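Notes follow the structure.
What you are looking at is a predicted structure, and each value in this text was computed from that prediction instead of being measured. Just so it is clear: chains get the letters A, B, ... in the order the sequence lines come, proteins before strands, and each one is counted from 1.
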Number of protein chains: 2
Amino acid sequence: MTTIKDIAKTAGVSVTTVSRALNGYSDVNEATRKKIVETARQLNYTPNTIARSLVMKKSKTIGLLVSGFIRESLKDNFMLNVLAGVNDFASGTDYDIVLFNTNSSKQREKTYHQLCRERQVDGVVIQGIKTDDPYLEEIIDGDIPCVLVDIPKMGPKTGYVSTDNVIGAYEAGKHLLGLGHTKIAMINGHDQAFVSQERLDGFQKALNEAGLSLLQVENGGFSEEGGRASLLNIMSQHPDVTAIFCASDLMAIGALSALKELGKSAPEDLSIVGYDDILLAKYVTPALTTVSQDTHGLGYEAAKMLIGMLEGKQPGKTIVKHELMIRDSSQQCL
Amino acid sequence: MTTIKDIAKTAGVSVTTVSRALNGYSDVNEATRKKIVETARQLNYTPNTIARSLVMKKSKTIGLLVSGFIRESLKDNFMLNVLAGVNDFASGTDYDIVLFNTNSSKQREKTYHQLCRERQVDGVVIQGIKTDDPYLEEIIDGDIPCVLVDIPKMGPKTGYVSTDNVIGAYEAGKHLLGLGHTKIAMINGHDQAFVSQERLDGFQKALNEAGLSLLQVENGGFSEEGGRASLLNIMSQHPDVTAIFCASDLMAIGALSALKELGKSAPEDLSIVGYDDILLAKYVTPALTTVSQDTHGLGYEAAKMLIGMLEGKQPGKTIVKHELMIRDSSQQCL
DNA sequence: GACTAAATCCGAAACGTTTCGGATGCTGAT
DNA sequence: ATCAGCATCCGAAACGTTTCGGATTTAGTC
């Protein structure tokens with residue numbers, strides 16, 4: 001491993017000069033710079049970023065919290081999509097991404113704050129943590145630049161990027177209402193998710209404006225199985241329901257399969273609309289009416305904001321677009 | 001930021017002792033260790049891994065090359081799945097993962113070797129690079145611990161993990177043969193992919209054993225659109241074809257949609273079998289017969305081997321299982 | 001009481017870089 | 001001849017750790 005010292009020695013200058021030459025400072029003669037660059041090339045020199053990080057107190061890396069990064073998440077692709085988005089933006093900069101795991105047992109008691117400090121990341125994007133996570137406050141109030149995805153909270157050093165779940169759900173509600181539905185239930189995620197609260201709010205708002213209210217709300221925990229169970233539950237308690245809004249496509253798909261088991265089918269017997277527009281949504285039969293969100297964009301914008309902050313900008317909030325995708329799982333109420 | 005020095009000062013010992021105490025060395029009195037640990041806690045100390053890395057010459061991070069990590073890859077989930085697998089294994093260790101981008105323009109001329117050196121990763125898992133990548137040899141012959149996924153090459157410090165594509169394709173061939181097909185074509189990926197070569201070999205082997213040979217082989221570049229185009233091409237040149245083997249599900253899905261455009265349908269008019277068993281495969285209609293490979297396992301095993309190597313083990317090769325999933329897109333030849 | 005061995009501690013160097021605060025030499029003006 | 005100003009260079013400290021080689025104390029043995 002050749003270092004800056006080696007270059008200095010063989011080029012006959014000091015390490016200071018080598019450093020300054022390689023970093024493009026002005027107070028080094030063009031001739032000596034040439035020589036230095038050349039010997040660096042000959043010695044096959046690559047800078048040691050670790051040493052640089054140590055003295056600069058900047059690591060040029062951003063952390064990505066992937067707490068619940070378990071196999072389950074592979075089906076809906078949420079985390080992976082935002083990861084891809086983060087990566088896509090970061091690849092245009094000189095920042096690298098390091099993945100943080102918090103699910104390992106020994107690290108469990110470490111706070112995010114400690115994790116970040118320890119790995120010396122310059123900033124961090126956080127996703128998928130619960131509203132009641134004890135460490136959330138700590139990071140928001142902390143001094144580590146941070147951007148939250150789908151968690152609408154701000155702090156001195158933390159901004160967030162999200163979609164407008166309230167309006168998205170509102171539009172889903174309007175859609176169902178427009179089709180003439182009045183007996184409507186909802187399968188929500190769980191109470192510790194910000195998006196669940198928002199989607200419930202937005203959907204209810206639409207119903208309320210029409211003088212209606214939800215027949216029933218079940219929590220399906222965002223899982224396919226939870227969607228199945230919730231649908232069964234709803235159908236038994238309210239057999240007259242004609243439409244169900246699901247807070248995630250995965251749950252909607254579960255609901256769809258449960259419906260099939262009951263010998264009924266969508267959209268004839270029941271209109272179903274989902275949320276997320278995951279990859280499967282348009283391939284499943286019937287193709288799912290759902291509100292699409294730009295998950296890749298979430299990650300991309302998160303990285304953009306974070307790196308912006310590292311370059312001196314203030315944290316903010318950015319809302320990425322969503323869109324109601326009307327497909328085959330919802331139809332006019334008979 | 002409190003350092004080891006601060007602890008030393010307030011605990012009234014030397015930095016050496018603090019270091020040794022915190023790292024569990026034996027030659028420090030239990031009483032002073034207690035004191036040190038306690039003051040460390042009080043001062044909210046977290047070790048600076050960068051400084052540690054600098055002196056230890058180990059960064060406790062592994063790199064993951066995600067060269068073609070573009071949106072396209074989001075649909076088939078290959079890279080993301082292996083990423084998830086790598087992460088899953090790594091989360092049980094004290095290694096972190098850093099994502100390497102090579103698609104950024106300025107980094108383009110840097111070799112993988114330089115990238116690894118620069119970021120000081122202890123090892124790297126590489127996926128998705130072409131057979132003719134000029135830097136592949138460099139990394140294989142190099143001294144950086146490395147494991148390749150789906151690239152069957154070994155070196156002094158490089159092992160690989162893969163599936164048995166030859167047998168997988170062979171089984172696909174046997175399946176089609178068993179259904180009575182004799183007019184068979186193949187849509188392959190591209191010539192610079194190891195898996196393409198292997199899948200072609202395996203499939204041809206099956207046909208040859210039956211005294212048959214391929215009607216036609218098209219390259220679809222692993223994309224949905226490429227699959228469409230290839231199918232159209234094959235159907236026009238060999239209208240009598242009854243079965244097509246695609247080297248990826250994405251291409252198979254493209255082929256399926258092209259078939260539909262022609263007013264034909266699978267499996268009645270044409271049996272189609274894919275490869276990969278991506279998430280969509282079982283949801284698409286008709287559900288795709290395909291050979292499933294454990295992509296998550298690929299990543300998991302890659303991480304396992306790499307970290308094993310970092311702990312002193314020798315590089316090896318590990319083959320993860322595959323399985324022919326017979327679904328609805330293939331049927332008896334009429 | 002002297003010597004050995006063990007237990008416990010510490011000073012200082014090292015890792016590879018950046019950067020502050022000069023030092024040196026040269027040019028041209030006075 | 002002196003000096004200001006500039007261009008070019010460099011020494012040394014600093015970043016926060018780990019670790020080598022030894023120093024000091026204590027306990028045990030004869």
Phosphate oxygens OP1/OP2 of dA7(D): is one of them under 4.0 Å from a side-chain N or O of Asn29(A)?
no
If you restrict it to nitrogen or oxygen atoms, what contacts under 3.5 Å exist between nucleotides 26-28 of chain D and the protein, and what is each distance?
none

Determine to 10° how strongly the helix from dG1(C)-dC30(D) to dT30(C)-dA1(D) is bent, judged from the axes of its five-pair ends.
70°
Show every donor-acceptor pair shorter than 3.5 Å between a side-chain atom in residues 45-57 of chain B and any protein atom, with sequence neighbours excluded, or say none if there are none.
{"unit_1": "Asn48(B)", "atom_1": "OD1", "unit_2": "Ile50(B)", "atom_2": "N", "d": "2.8"}
{"unit_1": "Asn48(B)", "atom_1": "OD1", "unit_2": "Ala51(B)", "atom_2": "N", "d": "3.1"}
{"unit_1": "Thr49(B)", "atom_1": "OG1", "unit_2": "Glu118(A)", "atom_2": "O", "d": "2.1"}
{"unit_1": "Ser53(B)", "atom_1": "OG", "unit_2": "Thr49(B)", "atom_2": "O", "d": "2.7"}
{"unit_1": "Ser53(B)", "atom_1": "OG", "unit_2": "Lys58(B)", "atom_2": "O", "d": "3.2"}

With sequence neighbours left out, what residues match Glu138(B) under salt bridge (Lys or Arg N to Asp or Glu O under 4.0 Å)?
none
Describe the nucleic acid contact of Thr32(A) in one word from base, sugar-phosphate, nothing, applying a heavy-atom distance below 4.0 Å.
sugar-phosphate
Could you tell me if Thr16(B) and Ser19(B) have a donor-acceptor pair between their side chains, going purely by distance under 3.5 Å?
no
Taking NZ, NE, NH1 and NH2 as the nitrogens, is one of them in Asp122(B) or Lys60(B) under 4.0 Å from a carboxylate oxygen of the other?
no
Mind calculating the distance between CG (Asp6(B)) and C1' (dC15(D)) to the nearest angstrom?
13 Å
Measure across Gln197(B) and Thr131(B) and return the closest heavy-atom pair with its distance rounded to 0.1 Å.
NE2-CG2, 4.3 Å
Under a 4.0 Å threshold between the charged nitrogen and the carboxylate oxygen, would Glu38(B) count as salt-bridged to Lys35(B)?
no
Across all chains, not counting sequence neighbours, the ring pair (Phe, Tyr, Trp, His ring centres under 6.0 Å) partners of Phe89(A) are Tyr300(A)
Any Lys/Arg nitrogen of Arg119(B) or Asp96(A) sitting under 4.0 Å from an Asp/Glu carboxylate oxygen of the other?
yes
With distance as the sole test, does Asn87(B) use its side chain to make a donor-acceptor pair with the main-chain N or O of Leu83(B) at under 3.5 Å?
no
Whole-Å gap separating P (dC9(D)) and CD (Glu30(A)):
10 Å
At a cut-off of 3.5 Å, list every protein nitrogen or oxygen paired with a nitrogen or oxygen from nucleotides 16-19 of chain D, distance to 0.1 Å.
{"unit_1": "dG16(D)", "atom_1": "OP1", "unit_2": "Lys57(A)", "atom_2": "NZ", "d": "3.1"}
{"unit_1": "dT17(D)", "atom_1": "OP1", "unit_2": "Tyr45(B)", "atom_2": "OH", "d": "3.0"}
{"unit_1": "dT17(D)", "atom_1": "OP1", "unit_2": "Asn48(B)", "atom_2": "N", "d": "3.3"}
{"unit_1": "dT17(D)", "atom_1": "OP2", "unit_2": "Ile4(B)", "atom_2": "N", "d": "2.8"}
{"unit_1": "dT17(D)", "atom_1": "O5'", "unit_2": "Tyr45(B)", "atom_2": "OH", "d": "3.3"}
{"unit_1": "dT18(D)", "atom_1": "OP1", "unit_2": "Asn23(B)", "atom_2": "ND2", "d": "3.2"}
{"unit_1": "dT18(D)", "atom_1": "OP1", "unit_2": "Arg52(B)", "atom_2": "NH1", "d": "3.4"}
{"unit_1": "dT18(D)", "atom_1": "OP2", "unit_2": "Ser19(B)", "atom_2": "OG", "d": "2.6"}
{"unit_1": "dT18(D)", "atom_1": "OP2", "unit_2": "Asn23(B)", "atom_2": "ND2", "d": "3.3"}
{"unit_1": "dT19(D)", "atom_1": "OP2", "unit_2": "Tyr25(B)", "atom_2": "OH", "d": "2.7"}
{"unit_1": "dT19(D)", "atom_1": "O4", "unit_2": "Thr16(B)", "atom_2": "OG1", "d": "3.1"}

For Ile140(A) and Leu148(A), what are the C-alpha separation, side-chain angles and deciding distance, and is it a side-chain contact (heavy atoms from CB on, under 4.5 Å)?
CA-CA 9 Å; Ile140(A) 290 176; Leu148(A) 274 16; 4.2 Å; yes
Closest non-hydrogen atom pair, Pro315(A) against Gly159(A)
CB-N, 3.7 Å
Can you check the Lys9(B) NZ to dC10(C) P distance for me, whole Å?
14 Å
